[in-house]
Structure formats: structure tokens, C-alpha cells
Amino acid sequence: MGAPKKTVVRCTWASNDLSILYHDRERGLPQHDDRVLLEFLLLEGAQAGLSWDTILRKRENYRAAFDGFDAEKIARYDRRKTQRLLRDEGIIRNRLKVASAIQNAKAFLEVQKEFGAFDRYIWQFVGGKPRVNAWCLGKGIPARTPESDAMSKDLKKRGFNFVGSTICYAFMQATGLVNDHAVECFRYHM
């Protein structure tokens, strides 16, 4: 008779193969690579009003359609490229969201120019280190915080779109600015 199988405890939202993989390998890991930060900022904006699972299923298509999230390339997209994106069934074909991604790439480059790196700018909203929360499984995690409110306000002031406080908080969770894994989750202490 073998040893009993150990059950892995995860955050309850990780409920299918794709979300489990994302949860186990990415969500909440502190990100400092500007390209990765831009990817998540644009994907969170694309997700507005939709499920994160929808975005995860289309993520590779987004990477291809948006040149690997190269801010300089995206910022130069013209009307022709925009029309191509709006016909691309592999991404969310919302005119405002596509225009926002292009505008956000331009604003992103301005922030890089001012701060030397987007990373340096964005991490200031949590004092340069991840904020570690202590939520229990089944307890409601807030959709926004004072930090995400401040981030949203400042990003908007700098010309970013689709960066409301709820989107900013989801971005913070994804990129490890906050650790919102449930305390029972195996990823909480990683």
C-alpha cells in the first residue's frame, strides 16, 4: 500500500487547466521586466468586462498580434495595423481596447523615459516590495485598494486608458505587487 496522495491546495479561482497553470507558475510572482509588465497591463485592459480565462486562452494570440509586447513597435502602429488587429479573431476585437493598447504603449515609453524603467515607476505604489495580504479561502478579496486607486489616478494623468482601479488591482495581483494568494494556498509562501 502506497503513501496517501497529498492534495495541493490552490486559490479557488484556479479551476481549469489553463488557470491552474497560470496560478501555479506566474500569478503573484514579483515582475520587474518592463516587457512583462507591459504585457500584463495591456492584457488586464483587454480583460475589462470579460473573464480572465478568456484572456488566458487568447494570450499567445495577443503576443503574436502585438509583436511580443514590444512597446516601441506597438506605439508606432498606424491605421492599417489597427484595422488588421480589429479583424484578428485571436484577440478581443474591441476598437476602444485596441486603441487603448496603442496609446498605453506610447504612455509606457514616456514613463520609461522619465523614470529610467517602468518597473521603477510602478513599484513605487507599494513602496518597492510586495504587499503581502492574508486572505483565507472563500473570503472576499477586495476589487480595489487605496494603492490601486492611486496607481489608477496617476496612470490616467500620464495618458493611460483602461486603467481603472479594479484593473490596476488585478495588474498588481498578476505581477506580484501584492500577494493575494489565500493563506492555505501552496503559493502563498513562495
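Along the sequence shown, the residues carry numbers beginning at 1.
Under the side-chain contact (heavy atoms from CB on, under 4.5 Å) criterion, I20 pairs with R10, A14, D24, not counting sequence neighbours. By the side-chain hydrogen bond (donor to acceptor under 3.5 Å, both in side chains) test, Q112 is found to be paired with D34, residues two or more places apart in sequence or in another chain being considered. By the side-chain hydrogen bond (donor to acceptor under 3.5 Å, both in side chains) test, D180 is found to be paired with N133, W135, Y169, Q173, residues two or more places apart in sequence or in another chain being considered. Every residue two or more places apart in sequence or in another chain that forms a salt bridge (Lys or Arg N to Asp or Glu O under 4.0 Å) with E60 is listed here: R63. Applying the salt bridge (Lys or Arg N to Asp or Glu O under 4.0 Å) criterion to R158, with sequence neighbours excluded, gives E114, D154. Scanning for salt bridge (Lys or Arg N to Asp or Glu O under 4.0 Å) contacts around R144 gives D149, with sequence neighbours left out. Checked against side-chain contact (heavy atoms from CB on, under 4.5 Å), D17 has no partners two or more places apart in sequence or in another chain. Scored by the side-chain contact (heavy atoms from CB on, under 4.5 Å) test, E110 finds K113 as partners (sequence neighbours excluded). Contacts of D53 classified as salt bridge (Lys or Arg N to Asp or Glu O under 4.0 Å), with partners at least two apart in sequence or in another chain: none. Checked against side-chain hydrogen bond (donor to acceptor under 3.5 Å, both in side chains), R35 has the following partners two or more places apart in sequence or in another chain: E39.
Linking ILVMFWY residues whenever their side-chain heavy atoms come closer than 4.5 Å, directly or via other members, leaves F186 and Y22 in distinct clusters. Put simply, Y121 and L109 are part of two different groups of oily side chains (I, L, V, M, F, W, Y) that touch within less than 4.5 Å, one to the next. Residues L56 and L50 are members of one and the same hydrophobic cluster, defined by side-chain heavy-atom contacts under 4.5 angstrom among Ile, Leu, Val, Met, Phe, Trp and Tyr. With hydrophobic clusters built from ILVMFWY side chains whose heavy atoms lie under 4.5 angstrom apart, V36 shares a cluster with V111. The cluster map of Ile, Leu, Val, Met, Phe, Trp and Tyr, joined by side-chain heavy atoms under 4.5 Å apart, puts V178 and V183 in different clusters.
The heavy-atom pair separating C136 from A182 by the smallest distance is C-CB, 4.2 Å. For A46 against Y62, the heavy-atom pair with the smallest separation is CB-OH, 3.4 Å. Contact detail for V98 and L85: the closest heavy-atom pair is CG1-CD1, 3.8 Å. Heavy atoms only, all atoms of each residue included: P130 and G176 are closest at CB-O, 3.3 Å. Looking at every heavy atom in both residues, A71 comes nearest to A105 through O-CB, 3.7 Å. In terms of heavy atoms, T175 sits closest to L177 at OG1-CD1, 3.0 Å.
By the 4.5 Å heavy-atom criterion applied to side chains, R187 and L29 are counted as neighbours.
Once rounded to the nearest 0.5 Å, the distance linking CZ of F162 with CG of L155 reads 14.5 Å. Rounding to the nearest 0.5 Å gives a distance of 11.0 Å between CG of D119 and CD of Q124. With rounding to the nearest 0.5 angstrom, the NZ atom of K97 is 12.5 Å from the CG atom of L42. Residue E147 holds its CD atom at 4.5 Å from CZ of R131, rounded to the nearest 0.5 Å. From I92, atom CD1 reaches atom CD1 of I55 across 4.5 Å, with rounding to the nearest 0.5 Å. Here L38 contributes atom CG and Q31 contributes atom CD; the two are 12.5 Å apart, rounded to the nearest 0.5 Å.
Checking each of F40, F69, F108, W123 against F118 for a ring-ring contact (aromatic ring centres under 6.0 Å, His included) leaves exactly one that passes, namely F108.
The backbone N or O of G159 lies less than 3.5 Å from a partner atom in the side chain of Q103, making a donor-acceptor pair. Checked by atom type and distance alone, the side chain of R120 pairs as donor or acceptor with a backbone atom of F115 at under 3.5 Å. Side chain of E44 to main chain of L41: no donor-acceptor pair is present (N/O by atom type, distance under 3.5 Å, no hydrogens or angles). Judged by distance alone, the side chain of K106 and the main-chain N or O of I74 form no donor-acceptor pair under 3.5 Å.
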Could you walk me through whether W52 and R27 pass the side-chain contact (heavy atoms from CB on, under 4.5 Å) test, one step at a time? CA-CA 12 Å; W52 186 242; R27 178 136 192 237; over 6 Å; no
Should L86 and R95 be marked as a side-chain contact (heavy atoms from CB on, under 4.5 Å) after you check the CA-CA gap, both sets of side-chain angles, and the distance that decides it? CA-CA 7 Å; L86 291 171; R95 185 174 303 283; 3.1 Å; yes
Could you walk me through whether E89 and N61 pass side-chain contact (heavy atoms from CB on, under 4.5 Å), step by step? CA-CA 9 Å; E89 294 181 11; N61 297 329; over 6 Å; no
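Counting only N and O atoms by type, the side chains of H181 and H189 include no donor and acceptor under 3.5 Å apart.
Pairs engaging residues 69-88 under the side chain to side chain donor-acceptor pair (under 3.5 Å) rule: D67-Y77 [sequence neighbours left out].
Residue V9 is found in a hydrophobic cluster whose other members, listed by chain and number, are L137; membership requires side-chain heavy atoms under 4.5 Å apart, directly or through intermediates.
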